[in-house]
Number of protein chains: 2
Amino acid sequence: MKSHQELVDRLRQNGLRITPQRVAILEAITDKDGHITADEIFARINPLFPYVDISTVYRTLDYLTENGLLNVINLGTGRAEYELVSRPPHHHLVCRHCKQVISIDGELVQPLRDALLHQYGFAADIRHFAIFGLCRACREAEDRE
Amino acid sequence: MKSHQELVDRLRQNGLRITPQRVAILEAITDKDGHITADEIFARINPLFPYVDISTVYRTLDYLTENGLLNVINLGTGRAEYELVSRPPHHHLVCRHCKQVISIDGELVQPLRDALLHQYGFAADIRHFAIFGLCRACREAEDRE
DNA sequence: CTGAATGCAAACAATTTGCATTCAT
DNA sequence: ATGAATGCAAATTGTTTGCATTCAG
């Protein structure tokens, strides 16, 4: 659980510009503490700062991603999800039936990462790992049919 | 390498309707032999059958997916990719820098699948596996900076 | 013949862009 | 003061939908 203040400090340290919009957006992200979409951020911010435009949200998300504060994840929902880089390593199991996203920790995936690195020279990004499939509940429901 | 004829036969067997559009779309998919996007299909078909509409392409892709002939993959490119279910199990390594997609075979991932199934009851879809990261070339280029 | 599939045009949703204005440094 | 960031409106891109017409079975 990182406060947005720490992140603002980090922006400042890197010589990046700090604007009220950026602070508000970081706040929305740290509040949610997980992955969040652009329009979710917009929805949270809008009541408090009605003048902030959705395009600013997108631009800021790009900016924060480029500067290493955020990761983008694409979970096949049709909209990009953003999360703090600082979150502990974990992965996403996306149920293709109920669309539920289960977070699991990074350990399980370590052997696979090693294998990919050795055999393909591919450095799997430990934070962009999305695994699609069927969760237990949906699998059981499907068997019952 | 599956001919589109086999697939048309399969449609027929399942009592699904066969139209010239559907045949053309299947043909485009088997020709490409890999993953393909809706507009790629459209681009291939259009010169030959100019009357085929992009909406028909999308509807057909949905239809073929629902009926188990195709898989949808979302590789974070902003557009959905489709591929034949009949392709041997494999996965996609997506380079977040050069956007290259590397296909690897299914073996490597087997241990992880087993672990997910046992520990989380999650049946990872062996065909929808997308792994994001940095390919060798881009990693080396980045180190050099 | 009958319902399913198509073409067309129009609607949508997510995201991006051009440009004049405002603001952080 | 100067270039970067913003708001606004409009454009783009990928995808979906309503509806009258056509076609496969």
Side-chain angles (χ1 to χ4, degrees), chain A residues 7-28 35-67 69-82 99, chain B residues 7-28 35-67 69-82 99:
Chain A
L7 293 163
V8 171
D9 290 345
R10 184 133 145 240
L11 283 181
R12 203 183 319 264
Q13 279 159 27
N14 295 22
L16 306 175
R17 292 206 172 187
I18 294 156
T19 66
Q21 291 81 339
R22 286 179 181 174
V23 176
I25 289 167
L26 278 173
E27 215 166 299
H35 23 91
I36 189 168
T37 62
D39 52 297
E40 235 176 315
I41 293 172
F42 183 70
R44 276 165 183 255
I45 288 184
N46 192 257
L48 300 121
F49 313 91
Y51 54 86
V52 175
D53 193 70
I54 185 73
S55 68
T56 300
V57 174
Y58 279 106
R59 281 191 279 229
T60 301
L61 289 171
D62 283 353
Y63 182 81
L64 295 174
T65 303
E66 279 163 21
N67 285 289
L69 298 204
L70 300 182
N71 285 314
V72 202
I73 356 174
N74 206 306
L75 299 175
T77 54
R79 63 196 66 176
E81 314 244 359
Y82 296 82
K99 308 301 179 196
Chain B
L7 292 163
V8 171
D9 292 345
R10 183 135 145 239
L11 283 181
R12 202 183 321 262
Q13 279 160 28
N14 295 21
L16 307 176
R17 293 206 171 185
I18 296 158
T19 66
Q21 293 79 342
R22 286 179 183 177
V23 175
I25 288 167
L26 278 172
E27 215 166 299
H35 23 91
I36 189 169
T37 62
D39 52 298
E40 236 177 313
I41 294 173
F42 183 70
R44 277 165 182 254
I45 288 183
N46 192 256
L48 300 121
F49 314 92
Y51 54 86
V52 175
D53 192 72
I54 185 73
S55 67
T56 301
V57 175
Y58 278 106
R59 279 191 280 229
T60 301
L61 289 171
D62 283 352
Y63 182 79
L64 295 173
T65 303
E66 278 163 21
N67 285 287
L69 298 204
L70 301 182
N71 286 314
V72 202
I73 356 174
N74 207 307
L75 300 175
T77 54
R79 62 195 67 175
E81 314 244 359
Y82 296 82
K99 307 300 180 197

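Order of the sequence lines fixes the chain letters, A, B, ..., with proteins taken first and strands second; residue numbering starts at 1 for each chain. Side chains are part of it too, since the values below use all heavy atoms of this structure and drop only hydrogens, waters and symmetry mates.
Closest contact between the side chain of I54(A) and the listed nucleotides dT15(D), dT15(C), dG25(D) involves dT15(C).
At a threshold of 4.5 Å between non-hydrogen side-chain atoms, the residues D62(A) and Y58(A) do not count as touching.
In this structure, CD1 in I25(B) is found 6.5 Å from CD1 in I41(B), a value given to the nearest 0.5 Å.
In this structure, I45(A) and A28(A) approach most closely via the heavy-atom pair CG1-CB, 4.3 Å. Smallest separation of non-hydrogen atoms from L11(B) and R17(B): CD1-O, 4.5 Å. Of all the heavy atoms in D39(B) and I54(B), the pair that sits closest is CA-CD1, 4.3 Å. Of all heavy-atom pairs spanning V57(B) and A38(B), the tightest one is CG1-O, 3.7 Å.
Between the CG atom of L61(B) and the P atom of dT15(D) there is a distance of 9 Å, rounded to whole Å. The distance between atom CD of E66(A) and atom P of dT16(C), rounded to the nearest whole Å, is 11 Å. Remark: P of dT16(C) and CG of D62(A) are 6 Å apart, rounded to the nearest angstrom. If you take CD of E40(A) and C1' of dA13(C), they are 16 Å apart, rounded to a whole angstrom. Rounded to whole Å, the distance from CZ on R79(A) to C1' on dC12(C) is 12 Å.
In this structure, Y58(A) reaches the dT15(C) phosphate: one of its side-chain N or O atoms is under 4.0 Å from OP1 or OP2.
Contacts of G78(B) with the nucleic acid, taken as non-hydrogen atoms under 4.0 Å apart, involve only primed sugar atoms and P, OP1 or OP2.
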Quick one: what's the B/S/- string for nucleotides 4-9 of chain D, heavy-atom cutoff under 4.0 Å, read 5' to 3'?
-> SSBBB-

